[in-house]
Amino acid sequence: MNTRSIKLAVPAPRGATRRFALPLGLLLPAAVLVGAELGVRAGLIPANLLPAPSEIAQTIAYLAHNGLAGHIASSTLRVLLGFAAGAGLAVLLGAAVALNRRTEAVLDPSFQALRAIPSLAWVPLLLLWFGIDETPKLVLIAIGAFFPVYMGVSSGIRGVDRKLIEVAQLYQLGRVALARRVLLPAALPAVMTGLRNELSLAWMFMVAAELIAASQGLGYLLSDGRETSRADIVLAAIVLLAVLGKVSDSLMLALENRMLCWRDSYANRSAP
Amino acid sequence: MTSLFDIYVGEKRYGARPVLNDLRLALEAGQIVSLIGASGCGKSTLLSIAAGLDRDYRGEVLLDGVATSGISPAVGFIFQEPRLFPWLTVAQNIALGKGPGAQHDPLVESLLGEVGLSGYGDALPKQLSGGQAQRVAIARGLFTQPRVLLLDEPFSAVDAFTRMKLQDLLTRVAQEHALTVLLVTHDIDEALYLSDRVVLLDRGARAEFEVDLPRPRKRSDTSSGALKAAVLQALEEAHVA
């Protein structure tokens, strides 16, 4: 009875702080918004540099009727395609490197060297090779997003518990079965973390790519807003990027929790 | 040569350090033998060799008079920890060696029944208690229908009450499956309660004790008495030496 009450006592205060965490977390942004609104209306802040939040909201509403959906769609599509290409390659190559010593000896040193190159350094080369079309944007996003997953897959597989490998040996699992039933599932937590990092990087490189050359997308809105001195458009695009990034990360987190429901960890102790 | 399972280790060393020397251990069919000895005396190494997991030694392991080469489905192994794969269900864990889809093998459900976990096939390991997880590990060890079962301190991580139940479970399945059992343990009471023969290990087999008690046994039969005193005495001498 005693131990039981102690066990229950642990989640309770956490749940309690959780309930209060949401309003507390909103306190600062709300204060900033109200402060900005009041500051602009009172003339303390120049409205051309920091438009009032209400004006940004109006700009978003205006854009919504004037092709915002197209901007969001093309940006999201670029992120998805670049993310899929980068993640797909990273999973394949990361697994190949972690599962086979010879592949590792051949490929890994080169990838580690490439990883050291800031991804934006590729931009001029990509523009030379592919022009200013869609291709360089997608390639840039894929390159930028490749390494978190590559590192997650390879370190995840290498870090698998030797004791579990021993069990797999004992039951004479073949190489394919070992990879499919033991190594890849064991590496999944690290892979999912890599995928989440990759997704946020994909958004970042999407903006970089669109800032360089684009006729549509949220990055285009950003540079268009700057060129026409419309800080409200720039801020509207930033707000939309924040929302999209948060939504995609939450979807990824939901996927992670679903795929890793077998984990017996602190984070999902409430699962059945 | 009437024995079912013969282990001979001429020499086994880790680097320059000799672990086992000129050790011969023969198990007759249906026998339960316990290995005791100080930590680091080579008990677990001997078990790894017997299982075919460790092949870096001089000597041989014979099953039914035939030399085994490495791991064999006829020799099952149960580790100190359950070592279940957390992402596989209980049934998938039990049928691990047979590939995907094998969890629907009727043998899985019958083994689950035998270890007292009927209906747990679809559960995940995280939903099991320590004792339940070790029961699943026993069922997995039995799934390949081995003739010899090796156990490496299998009940040392559970509470005393669970341990007693698992010991009785082992006795029962060993009898029902006509298993020959080699068990490493720290617990002299456990060794005397379960086995027909207790072997004290110290690089080689240092002393052997026949446990000539009728089955089913009572714990009170073995927890005291001259035999336990003799085993304790020998263990103490091995420590001092």
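Chain A is the first sequence line, chain B the second, and so forth, proteins listed ahead of strands; every chain is numbered from 1.
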Using non-hydrogen atoms only, which part of A:L170 is less than 4.5 Å away from chain B: side chain, backbone, both, or neither? both

Which of parallel (below 30°), tilted (30 to 60°) and perpendicular (above 60°) describes A:F146 and A:Y150? parallel

Could you look at B:L124 and say if it's the side chain, the backbone, both or neither that has a heavy atom under 4.5 Å from chain A? side chain

Non-hydrogen atoms of chain A under 4.5 Å away: do they reach the side chain of B:F79, the backbone, both or neither? side chain

So which part of B:L88 gets closer than 4.5 Å to some heavy atom of chain A, the side chain, the backbone, both or neither? side chain

If you take all heavy atoms of B:L182 and B:L25, which pair is closest and at what distance? CD1-CD2, 3.9 Å

Quick check on the interface: out of B:G52, B:P86, B:P125, B:S72, who has the most heavy-atom pairs with chain A under 4.5 Å? B:P86

Residue part contacting chain B, namely of A:R180, when any heavy atom lies under 4.5 Å: side chain

Just by distance, with hydrogens left out, do B:Y120 and B:Q132 show a side-chain donor and acceptor under 3.5 Å apart? yes

Sort A:Q172 into side chain, backbone, both or neither according to what part of it lies under 4.5 angstrom from a heavy atom of chain B. side chain

Does a side-chain heavy-atom distance below 4.5 Å link B:R135 with B:K165? yes

Compute whether any side-chain donor of one residue and acceptor of the other, for B:D168 and B:Y193, lie under 3.5 angstrom apart. yes

Can you see whether B:Q80 engages B:S156 through a side-chain donor-acceptor pair at a distance of less than 3.5 angstrom? yes

